[in-house]
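As structure tokens, the structure follows; a few thoughts come after it.
All residue numbers refer to positions in the sequence shown, counting from 1. These numbers come from a predicted model, not from an experiment.
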Amino acid sequence: MLRCVTPGEGARGLRREAPILRVVLFERAAGAWPGVGAQVFDNAEGDMETEEENQDLPKKGKAQGRKRASAAEGVVKQVKLSRADLYKLPTNEELNQLKETENLFHSSLLRLQIEELLKEVKLKEKKKQKIDAFLHEINTLLSAVPETLETDLADQSWLPKDVKVPFLQVPSSVKGKFRFLPPATVTVVGSYLLGTCIKPEINVDLAVTMPRAILQDKDNLNQRYHRKRALYLAHIAQHLSKEKLFGSVRFTYMNSNHLKPIVLLQPQGKDKKLVTVRLYACPAPGFFKPSRLYPSKNNVRTAWFLEQGSPGEGAAESPTPHYNNSILCDTGLESNLLFLAGAGADFPGMRDGVTLLKVWLHQWELDKGLGCLNGFMASMLVAYLLAKHKISQGMSGYQVLRSVLQFLATSDLSATGISLSKDSDSSLPTLADFHQAFEVVFVDPSGLVNLCADMTASKYKQVQFEAKRSMEVLDDRTVDGFQLLLMTPKPLIRTFDHVFHLKHVSKLQGACKKMQLLNELMDRGGNYVAAALPFVTSLLARGLAGRVLLLTHSLPQAPQWPISAEPPKHKDAGHLSFGLLLTPEFATSILEKGPEADRPEAAEFRKFWGEKSELRRFQDGAICEAVVWGAETMCQKRLIPEQIVKHLLWLHADIPESSICYTGAVLESVIRVGRESCGGREQQPAPAVPDAVGLVIAFGRTQRSLVGELPAGTGEEAMVSIVRSYDDLSRKLWNLEGLPLMVTAVQGTHPTLRYTEVFPPTPMKPDYSYHMRIKDKESLLPLAEKPCPAYIAPMKVVCHMEGSGQGPLDGYVFRLQVAYHREPHILKEVVTPEGMLKYRDTEESQQLELETLHLPYLTSSLHGLQQQHPAFSGTCRLAKRWVRAQLLSDSLSDECVDLLAASLFLHPAPFTPPSSPQVGFLRFLHLLTAFDWKNSPLIVNLNADLKEPSSIPKLFTYVKLRCEELPATKCNCLWVEYSSRFAPATGLFDADYTEIRNEFVAARPHLPVMFIATPRDKRSSVWTKERPSTQILQRLLVLALESLRALEEQLTDPLGSQDVKMVFRPPLDFYDILIHLNAKQIPRHLEGVDRPAKSFSRGMLKSDAPVKTLVFPVVGYDPVQCYLQELREAFGDLALFFYDSHGGEVIGVLWKPSSFEPQPFKASNMKGRMMASLSCEELVTVPNVEAILEDFEILGEGPEVVHPQLPPASVGECYYWVIISARQQCAGLPVISTSCKGFPGCTISFRISPTDLSPQPPTNIPAVATSLEYEDEWKVPQQPPGKQTGPQTRFQWLDPPYAEGKYSFSEIRVNGEANDSGFLVLLVQCFKEPSTKRRGWSDEIAYNGPSATASSKYPQWAQR
């Protein structure tokens, strides 16, 4: 039975990818007004909404878990309105809403989406009341924390042993005194009071002000303040941990800065996930002199940091700007809150805009870690734009979001910083002073604190790049910008083309020593990760130069730990990840050209590249320094960045290659050809179906054989060679003379000619000793006693006539199909009974149009796409390899996969087009799982044939420029004018897209489950019309979801398993029957995902073997495909057959659910069926499972049919459920009987639980019929201890020792009901002696599918 497992089924262990949330909106139909429809929300991260808050929603609006809806549910349908409702005049309120939508948004749908998103992520009032009560109790407890006596700061013996100071106290010696006094004030700060706190993680910040009496004058020196702060929080945590109010009291670092520990408090009981309160300890206002903490000042002495006795004489101390900034940040918590509160007063758009920004930052993984762009910085940025009049208080949250993204995209804070300070005090540090100390500068209103102090330049470049990309998405009217920007997660592994990991961050400690970063270490408090990271990224950026568009790194994340544990060390931060966004034009260049040898820059070039640098003479006569990277094939050239990264890190940072896990191309091993994968003999593509009429041409001038010649690449070179041969063939066909019709066009249709064949064909030189030669036809036939010859794939070429021709070249085989442009038109002619000639689509005409019109267009379009995006070929081939590895070779067409892969390059938003096959494949899996196949068509704009008016983008650019120049109020008016003239409702931007979507919605019930539209196929989706079916698509989505999860887990964990081939191994327990194939008869055996231990010679000679003449080889011969075709022809009405066409060793079989329904007896319908009876008068037929399995073996002439779950015969014991039934009449009584043939070494036992049997057997049955009957030798077993049958039970309970033979029972009851359907449920237990070599039942056939049933009364028995 074909079961479609939904992603939510726990038995499979599948998990849906967890975006921050999901919003499903039903847009109102044309003429309907806002408010019509329903909304469904599902927070996949763990929404903290309580049950009572969901009670107001209708039942259909509640989250229904993760179970996938059925095919009929959730489909967007057009709403039919009456004429009166359709032309009803809008009310004043509706007119005001429409006007506001026009002014502040781009469309009514966008407004609805944003409103529902804001409503979902914002905190509900009922939760606020609970949080307020929790905060009041915390305030009361904080004021009651007891005081302590004054001790030396280094003496911490007064702390209980079950509490550890949350600070790495290195060096251990420090001056100063400490005593605990209750907080001077406790203030709520942060986003909670501002109304910008969002779910799912509700964090409330409390600023706990330490009294002045605790602090001393020189506490700004040598981490004294930081250690007092940590001790203060440790004492608070120790006392709060005793209170029953808290379910959890833990430590963590503020923004992952290990100098700034904080306390995390969570409520007790069911409200544990309601809120997390974060306690920040801060100094008393005005305690520290700001002038001592300027970026140019030093507050960490070298002698103290190095634990030297006395400072060196005359040694200048370097500035410690990051250390100083960490102290100043604590002094401005309350002042910054007041500043933001004043900016957001009477400005609801600011709160909404900040909320949207937080969602955007979260989805794009920019909001957590050391040096992140968090919500506080986003709020300050909005306040800055408001102060500079770049936004106005009349803007909506969406406009605020756009304004901030526009500012980030066009402003480089790493070159020109910004400041919120309005103080004209000349003694304050200038922006230039900040730029000397920090890579990114954004100064707060005090003029003292750099909010971006921990952010690296590379991370800000990523923020800038993502903002620019986001603006492009918002300006693209053909995509759903809301969904792509705010609802689509962008993990590092799926965003960047190459990702590599520094497995052991402790290696950065040696890098600091190598790069002489002592001053940076002092400034960062010994954090060698934060100290070395900016220099490492700068080093790699210089080395990769024009090869990468963007280089970024992951943000070190701070863990949480219990108060009784030691704080985590720097090496406990986990691995560090780096992402490279490649430039396709230069990423694969093998040459790094430097300056001329006599120039001063040459010495610096040699120093940077080390021994890799060498002098080379170029064609223009110049002698320059250069670096040449070793790479022969395209797959090796794609990994040149890996060579650069490993070389530079070892040369300049002492980081060995063993500490770097580079995951840029680990998936490409499954499509690698040549020596490593195919041994030169069996590397072949999927079979091409021969045409009924066609011409096959074998090219005879074999230049070289594949054996030992092709390098171990991924096939790009082989396909380029084939395309050249095809071009040569085209020229020969064009030059043919003497034909009755002229050749008008030659178009290739084979996947190789569009660079999407998984394993491209190779030139073949057959070994005559493996073939039988037919002399009169100059061709070969395979010998039966030899292994199946290597598969030679013919490549179809369509020759459009006004001709035909042939010409040999390079040993490839092409199949020519002659086409005439009027032939499809002729096939459409139909003569009516009245003699009238009409034209209508027929199956033959549609198939011919597909082969001669659609397929050549697709091939030429994708051929051009490959020229623009070199990673397209590898992406598509990986996708096809994965689909076929799941045994779905025949369930999804090649062209469908090609279009899915093409959409990733033509419509990559919110990403950039992939520049590596691996990231393209990950996005392919994500596209399958994330796209709404039920309600949306996938539009693939091949050749950009769906175009927008050229004048619109120019005007839009002009409007944006004017908006930047004009004041905010005038900018609003101009925006309104722009929105009115070019809003999406006018249809000027995306008329073709709108037409396709509207027609799709109107005709959805009659369209394929997977609908893919192209410029020449807007309505029918010709490539998915026949397949996949609904069940196959559901199965495909489940496999894609689990594969994506498993792959991303492996690729992001450098210390874990790297067996990425796991996702290419299909789960075989899904199938009812497995047919194991003879490896000798699998011509593409070596194309399998796992290289087989044993291979066979396939009758192909080496390239240097002498061949006098070349006869026509065996073309397109694949015994497995022939066997599959016979199976489907014979048993296609009963079962489905699945196979991996690339060397699969197993055919999976699934029974169709309807195949076991009893059918009326017909003499013409007895194939694979046997007789059964429902009553004495009625005869029906049911499938004869044993006979069908025997036929499988006969058709295959030797394939072994074994159930996947059955262990090998050498295993001592195996259990199996089997359902067998046979209806007989014996002495006028209905008898259920079964018999099993006993094999040597195997004991068969039958057991029926007494609870399933009738305790009162019929009285009219003879006693002998109600007891166990037998034939052959057997022994009645003894009654087991503790099992009493009772005097009225006549059925024998069977336990070891078991009896052999044939057993019959009179009446059997199942679940308390009489079993009239003819079922007998048996537990088969096979005992096999490990030493014996005899064949037992388990070696031949074991079957766990449904049995022949005479009734549907017990349908549960027809399932697994």
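A donor atom on one side chain and an acceptor atom on the other are not found under 3.5 Å apart for Ser659 and Glu657. No side-chain donor from either of Arg754 and His863 sits under 3.5 Å from a side-chain acceptor of the other. Donor-acceptor pairing under 3.5 Å is lacking for the side chains of Ser506 and His504. Lys880 and Thr756 form a side-chain donor-acceptor contact under 3.5 Å, judged by distance and modelled atom types alone. Donor-acceptor pairing under 3.5 Å is recorded for the side chains of Arg638 and Thr714. At a cut-off of 3.5 Å, with distance as the only test, no side-chain donor of Thr762 or Tyr812 sits close to an acceptor on the other residue.
The aromatic ring centroids of Phe1064 and Phe921 lie less than 6.0 Å from each other.
Around the NZ atom of Lys646, the shell of radius 6.0 Å holds more than 12 heavy atoms that belong to other residues, nucleotides or ligands.
At least one cation-pi condition fails for Arg1128 and Tyr1123: the charged atom is not both under 6.0 angstrom from the six-membered ring centre and inside a 45 degree cone around its axis. Note that Arg1084 lies in the cation-pi zone of Tyr791, set by a 6.0 Å cut-off to the ring centre and a 45° limit from the axis.
Tyr1071 places a side-chain heavy atom less than 4.5 Å from the side chain of Leu887.
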Could you walk me through whether Gln918 and His498 pass the side chain to side chain donor-acceptor pair (under 3.5 Å) test, one step at a time?
CA-CA 8 Å; Gln918 178 169 291; His498 283 186; over 6 Å; no
